[in-house]
Amino acid sequence: MALVNRQILLKKRPVGVPTAEDFESVEGAVGTPGAGEVLLRNLYLSIDPAIRGWMSDARSYLPPIQIGEPIRSGTLSQIVESNAKGWPVGQIVQALAAWESYSIVSPRSLHGRVQTIEGIPLPAMLSVLGGTGLTAYFGLLHVGQPKEGETVLVSAAAGGVGSIVGQIAKVQGCRAVGLTGSDEKCAWLIDELGYDAAINYKTANLRVALEEACPDGIDVFFDSVGGEILNTVLARLNYHGRIAVCGAISQINEAELPPGPSNYLQLLAKSARMEGFTTLDFTRQYDEARMQLAHWIREGKIRYRDDIVEGLDKAPSHLLRLFSGEHRGKLMVKLADAEV
Ligand SMILES: NC(=O)c1ccc[n+]([C@@H]2O[C@H](COP(=O)([O-])OP(=O)(O)OC[C@H]3O[C@@H](n4cnc5c(N)ncnc54)[C@H](OP(=O)(O)O)[C@@H]3O)[C@@H](O)[C@H]2O)c1
């Protein structure tokens, strides 16, 4: 029987937060991989803020998704047909593919062979041991460079990346303080993930709350939000402080970029550093980082939460939860089980 490819396409570019009208669901035949290509059956989709960036026509580290193309996405996929040497049928891979049941890609879009790790479920290879955990690991350890006894502040702390960052900070012997958008999430950060303090940035006076939660100032700020939060934190940064620029979700839906942080001269006053990064800067160290993260999970030093819904049609509404903050941990969509 011929395979059917269900896809979710970009119908039009969103203005502000995406809506259901920006997506279109279609069905078609599954193509045949060309020379050097593989056919993937997509098992899990990674729901990331970066997808919103690719839906606009602004230049980024990857080109925009074109109207009529399937929504680009990180995936956990299984190779079902292969014309690429070294990528056998049956192999599970991390890939840059799309919101569709099947994708044809070249090995350039295959970001690693997935070796299942005993005691760790498969979807974790896309979350805590995939791009999400790797972002937390490299951004904090390589860019933020925390030292024992220092204070690490994390924005979007209850999300996929942030929930791992604070726990790695604790492993390094730091004080971990999280910013998030509800009292319930603050309690989760402290009670379940071991954060030392958490601030509901929606209800607190952030300047005052930071004085209380970070009495010795802030040595490392792992920032996924940008905007006014970044501006306020800059004023409390310590001498030789570091800001790891992971993302700016408060600005991702803005048509016009707001002015930069007016407090940026605090970097000068504190001889501080603000540095952006993507995980692509560290591809050669992925395996080593995954092994370390898996070790910390087994030791019980890192806990993670995957928020998974089933069915391709749920992908657009799951994406919107990134902006409403109605989730904890990593968002994913399950499409299929791996075949053994
Ligand atoms: N540099 C890299 O290589 C890389 C790789 C992956 C992800 N990232 C970045 O990492 C960040 C987190 O990604 P994720 O996938 O883990 O998402 P996430 O943190 O699970 O979800 C985003 C969270 O951001 C918060 N948020 C949304 N809008 C906000 C606003 N206007 N102001 C303040 N907070 C807001 C919400 O939580 P609250 O309830 O707390 O508001 C939401 O839960 C994003 O900025 C993403 O772009 C970077």
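All values below were derived from every heavy atom in this structure, side-chain atoms included, with hydrogens, water molecules and symmetry-related copies excluded. Atoms within a ligand are numbered from 1 in the order they appear, just like the ligands themselves.
At least one donor-acceptor pair under 3.5 Å links the side chain of K185 to the backbone N or O of H327. Under a 3.5 Å cut-off, the side chain of E212 and the backbone N or O of A209 do not form any donor-acceptor pair. E37 contributes a side-chain N or O that, together with a main-chain N or O of G34, makes up a donor-acceptor pair within less than 3.5 Å. Checked by atom type and distance alone, the side chain of T278 pairs as donor or acceptor with a backbone atom of L280 at under 3.5 Å.
Closest protein heavy atom to atom 13 (O) of ligand 1: P49 CG, 3.5 Å. Protein heavy atom nearest atom 8 (N) of ligand 1, with residue, atom name and distance: C246 SG, 3.6 Å. Of all protein heavy atoms, the one lying nearest to atom 45 (O) of ligand 1 is S224 O, 2.9 Å. Nearest non-hydrogen protein atom to atom 16 (O) of ligand 1 is V161 N, 2.8 Å. If you check which protein heavy atom lies closest to atom 27 (C) of ligand 1, you get L322 O, 3.4 Å. Distance from atom 37 (O) of ligand 1 to its nearest protein heavy atom, with residue and atom name: K185 NZ, 3.6 Å. Atom 40 (O) of ligand 1 has as its closest protein heavy atom T180 OG1, 2.7 Å.
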Could you walk me through whether T75 and S73 pass the side chain to side chain donor-acceptor pair (under 3.5 Å) test, one step at a time? CA-CA 6 Å; T75 63; S73 177; over 6 Å; no
Take S101 and N42, measure what side chain to side chain donor-acceptor pair (under 3.5 Å) needs, and give me the verdict at the end. CA-CA 5 Å; S101 339; N42 297 320; over 6 Å; no
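Within the structure, every pair that satisfies the side-chain hydrogen bond (donor to acceptor under 3.5 Å, both in side chains) test and touches residues 220-230, not counting sequence neighbours, is listed here: S155-D223. Each salt bridge (Lys or Arg N to Asp or Glu O under 4.0 Å) pair with one or both residues in residues 188-206, not counting sequence neighbours, appears once here: K170-D196, E192-R303.
The option with the heavy atom closest to atom 35 (C) of ligand 1, from among F323, Y201, F282, is Y201. With V245, T278, I249 as candidates, the residue nearest to atom 25 (C) of ligand 1 on a non-hydrogen basis is I249. The closest non-hydrogen atom to atom 6 (C) of ligand 1, taken over T135, I47, I51, comes from T135. With distances taken over non-hydrogen atoms, the option nearest atom 21 (O) of ligand 1 out of K202, E326, H327 is H327.
One hydrophobic cluster holds both I120 and W296 under the rule that ILVMFWY side chains link at heavy-atom gaps under 4.5 Å. The same ILVMFWY cluster, assembled from side-chain heavy atoms under 4.5 Å apart, contains both Y195 and V161. L265 and V233 are members of different hydrophobic clusters when ILVMFWY side chains are connected at heavy-atom separations under 4.5 Å.
Atom numbering of ligand 1 starts at 1 in the shown order; those under 4.0 Å from a heavy atom of G329 are 20 (O). Listed by number with element, the atoms of ligand 1 under 4.0 angstrom from any heavy atom of S250 are 30 (C), 31 (N), 32 (N). Atoms of ligand 1 found under 4.0 Å from any heavy atom of G159 (numbered from 1 in listed order, with element): 18 (P), 19 (O), 20 (O). Residue-ligand proximity, G247 to ligand 1, at heavy-atom distances under 4.0 Å covers atoms 45 (O). Numbered from 1 in the order shown, with element, the atoms of ligand 1 that lie under 4.0 Å from a heavy atom of A248 read 45 (O).
Residue G160 has at least one N or O atom closer than 3.5 Å to an N or O atom of ligand 1. Checked against a 3.5 angstrom limit, the closest N/O atoms of F277 and ligand 1 fall inside it. At a 3.5 angstrom cut-off on N or O pairs, G181 counts as close to ligand 1. In terms of polar-atom proximity, defined here as any N/O pair under 3.5 Å, T279 does make such a contact with ligand 1.
Of all the heavy atoms in I8 and P316, the pair that sits closest is CD1-CD, 3.8 Å.
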